[in-house]
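This report concerns only the one structure given below.
Quick note: numbers below take in every heavy atom, side chains included, and nothing from hydrogens, waters or symmetry partners.
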Amino acid sequence: MNEDSPVPQVSEQRDPEPGRMQMLQGNPLLLPHSLQELLAKDTVQVALVPERKGLFLKHVEYEVSSQRFGASVSRRYNDFVVFHDLLLQKFPYRMVPALPPKKMLGADREFIEARRRALKRFINLVARHPPFSEDVVLKLFLSFSGPDVQSKLKESAQGVGDEFMNCKLATRAKDFLPADIQTQFAVSRELIRNIYNSFYKLRDRAERIASRAIDNAADLLMFGKELSALGSDTTPLPSWAALHSSTWGSLKQALKGLSVEFALLADKAAQQGKKEENDVVEKLNLFLDLLQSYKDLCERHEKGVLHKHQRALHKYSLMRRQMSAAVHSQQPEAVQQLESRIVEQESTVQTTELRHAFSLYCLHQETQLVHACLPLTAHLLGAFVDSQIQGHKEMSKVWDDLKPKLHCLFTGPNST
């Protein structure tokens with residue numbers, strides 16, 4: 001939202017759309033969602049659409065498949081951008097996850113894959129967010145298969161207004177806020193910042209562990225190839241080694257066959273690295289994306305509605321001083337004009353106060369959502385441990401199978 005855009009007055013509020021989040025029984029501030037309930041809302045897959053033979057595609061296309069809507073639609077990155085902008089427009093006081101950046105120049109495969117993963121995390125966080133999940137713009141994005149989805153999305157949001165204008169509780173949000181809401185906000189913001197910083201470092205280490213597993217796979221494969229190359233060596237045996245010609249021949253035969261086992265070891269190591277990328281690093285990235293969206297929301301609150309409220313109060317104070325000066329200097333026309341402007345500004349101040357309270361109301365609920373998702377940490381740590389156990393078990397079995405095949409290397413007159 002532009003800071004200088006006109007602020008809708010309270011009288012302009014509309015009735016909520018069908019499906020809009022309804023007032024909960026008891027305290028509407030409380031959102032009793034468990035992680036399991038949030039995850040069960042939907043699972044969305046984002047896959048790259050394969051390039052068609054003989055066609056040069058200027059745009060990368062994604063197949064977006066929603067379990068909830070039973071739909072599979074084709075989307076481009078710019079479709080995600082329009083969808084993201086509409087979410088910010090309709091839900092300025094909620095956690096809208098950031099989109100991955102758009103690369104201006106030619107994108108390589110690594111960049112395209114990283115962006116696909118990021119888009120998948122984005123759409124799943126959105127699809128599982130309670131207010132977003134009930135909004136028509138999400139349903140359209142995940143299920144509309146007609147032409148020009150961007151125009152359809154914009155049309156659905158035209159003239160609707162944001163959540164403040166469509167929520168029955170907007171004008172009474174302050175009544176539900178705890179007295180120490182500002183203190184709670186500051187403490188919660190600090191806690192999330194600390195959690196984010198720690199898990200950011202953990203994600204970096206997890207990436208290095210996964211990368212080492214993939215590097216280990218490459219090294220094992222090359223190790224086996226070198227053994228095979230040694231076993232295939234055709235250099236003639238010198239005459240002074242003739243006494244041990246049979247030894248060298250048997251050694252070469254044994255070494256040549258070991259490349260198969262080392263190729264299998266390399267495959268297992270590569271599988272473990274990929275598993276750690278998918279099951280550990282991606283879960284950490286999803287958790288970090290969620291925490292980052294909370295940090296962004298806190299910043300929008302401070303730079304947006306809070307700043308607008310303070311600016312409106314400052315402007316109102318200046319008008320009151322101008323009015324006092326006009327009265328003392330006996331300027332009736334100036335007094336009349338200022339009275340009209342002051343009434344208008346009082347309405348703006350009232351609206352910004354209500355928006356500020358509603359922003360804190362939403363922040364309180366978003367904080368609860370973050371804490372409902374904190375058990376993700378147990379899931380990703382469990383995935384990390386399972387990956388290590390499974391990977392080491394499989395590698396250990398291959399090593400155990402390999403060891404008896406080395407016995408032939410130790411046979412001969414000079415064996416120990």
Side-chain angles (χ1 to χ4, degrees), residues 1-5 7-10 13 21 23-24 26-33 87-98 129-132 162-200 287-320 345-374:
M1 286 178 62
N2 191 319
E3 188 177 276
D4 298 320
S5 60
V7 180
Q9 302 301 309
V10 178
Q13 292 178 21
M21 186 175 65
M23 182 190 299
L24 298 176
N27 186 354
L29 191 65
L30 302 179
L31 292 178
H33 293 282
L87 283 177
L88 279 174
Q89 176 185 316
K90 297 185 78 173
F91 299 97
Y93 312 126
R94 299 288 182 180
M95 293 186 296
V96 179
H129 187 286
F132 302 163
D162 65 10
E163 187 183 13
F164 173 78
M165 296 177 66
N166 291 296
C167 179
K168 287 182 177 180
L169 295 177
T171 57
R172 297 191 294 120
K174 189 176 181 180
D175 299 337
F176 302 105
L177 296 175
D180 61 343
I181 183 64
Q182 294 291 353
T183 302
Q184 286 193 30
F185 168 58
V187 172
S188 177
R189 188 177 188 181
E190 180 66 20
L191 173 62
I192 299 304
R193 184 187 295 117
N194 293 339
I195 294 173
Y196 177 89
N197 290 339
S198 292
F199 274 87
Y200 185 89
F287 188 56
L288 286 172
D289 287 352
L290 172 70
L291 298 182
Q292 182 63 54
S293 68
Y294 182 85
K295 291 171 64 183
D296 293 342
L297 175 61
C298 292
E299 191 170 337
R300 285 204 307 276
H301 171 77
E302 286 194 334
K303 292 184 177 180
V305 66
L306 179 59
H307 178 68
K308 282 184 179 180
H309 183 216
Q310 292 170 342
R311 194 173 65 173
L313 287 173
H314 178 67
K315 188 175 180 180
Y316 178 72
S317 177
L318 286 177
M319 286 181 177
R320 297 295 298 181
Q345 188 61 21
E346 283 176 345
S347 178
T348 300
V349 169
Q350 181 189 19
T351 302
T352 55
E353 283 180 350
L354 290 172
R355 279 188 172 272
H356 178 242
F358 185 66
S359 178
L360 287 170
Y361 171 91
C362 293
L363 256 171
H364 196 296
Q365 291 187 328
E366 299 301 275
T367 303
Q368 295 174 64
L369 283 177
V370 171
H371 283 269
C373 291
L374 285 180

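- Minimum interatomic distance between P92 and L297 (heavy atoms only, all atoms of both residues): O-CD1, 4.0 Å.
- Remark: N194 pairs with E190 by the side-chain contact (heavy atoms from CB on, under 4.5 Å) rule, at least two apart or across chains.
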Trace of the side chain to side chain contact (heavy atoms under 4.5 Å, CB included) decision for Q184 with L363: CA-CA 10 Å; Q184 286 193 30; L363 256 171; over 6 Å; no
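- Expressed to the nearest 0.5 Å, how far OG of S359 lies from CZ of F164 amounts to 10.5 Å.
- Shortest non-hydrogen contact noted between Y361 and L169 is OH-CD1, 3.2 Å.
- For D162 against N166, the heavy-atom pair with the smallest separation is O-ND2, 2.9 Å.
- For the pairing with Y93, the side-chain hydrogen bond (donor to acceptor under 3.5 Å, both in side chains) check across H356, R355, Q365 returns one residue only, R355.
- In plain terms, the two heavy atoms of S293 and P97 that are nearest each other are CB-CA, 3.9 Å.
- Contacts of H364 classified as side-chain hydrogen bond (donor to acceptor under 3.5 Å, both in side chains), with partners at least two apart in sequence or in another chain: Q368.
- Closest heavy-atom contact between M95 and L290: CE-CD1, 4.0 Å.
- A search for side-chain hydrogen bond (donor to acceptor under 3.5 Å, both in side chains) contacts involving S188 returns Y294, not counting sequence neighbours.
- Taking 4.5 Å as the limit, every side-chain heavy atom of K174 sits out of range of all side-chain heavy atoms of I181.
- Checked against ring pair (Phe, Tyr, Trp, His ring centres under 6.0 Å), F132 has the following partners two or more places apart in sequence or in another chain: F91, H129.
- Partners of Q292 by side-chain hydrogen bond (donor to acceptor under 3.5 Å, both in side chains), not counting sequence neighbours, listed by chain and number: Y196, D296.
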Step-by-step side chain to side chain contact (heavy atoms under 4.5 Å, CB included) determination, Q182 to L360: CA-CA 8 Å; Q182 294 291 353; L360 287 170; 3.6 Å; yes
Verdict with reasoning, E302 to R189, per side chain to side chain contact (heavy atoms under 4.5 Å, CB included): CA-CA 12 Å; E302 286 194 334; R189 188 177 188 181; 2.9 Å; yes
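- When all heavy atoms of L354 and T171 are compared, the pair lying nearest together is CD2-O, 3.6 Å.
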C362 vs E163, side chain to side chain contact (heavy atoms under 4.5 Å, CB included): CA-CA, chis, key distance, verdict: CA-CA 10 Å; C362 293; E163 187 183 13; 4.1 Å; yes
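- A 6.0 Å sphere centred on NZ of K295 holds more than 12 heavy atoms belonging to other residues, nucleotides or ligands.
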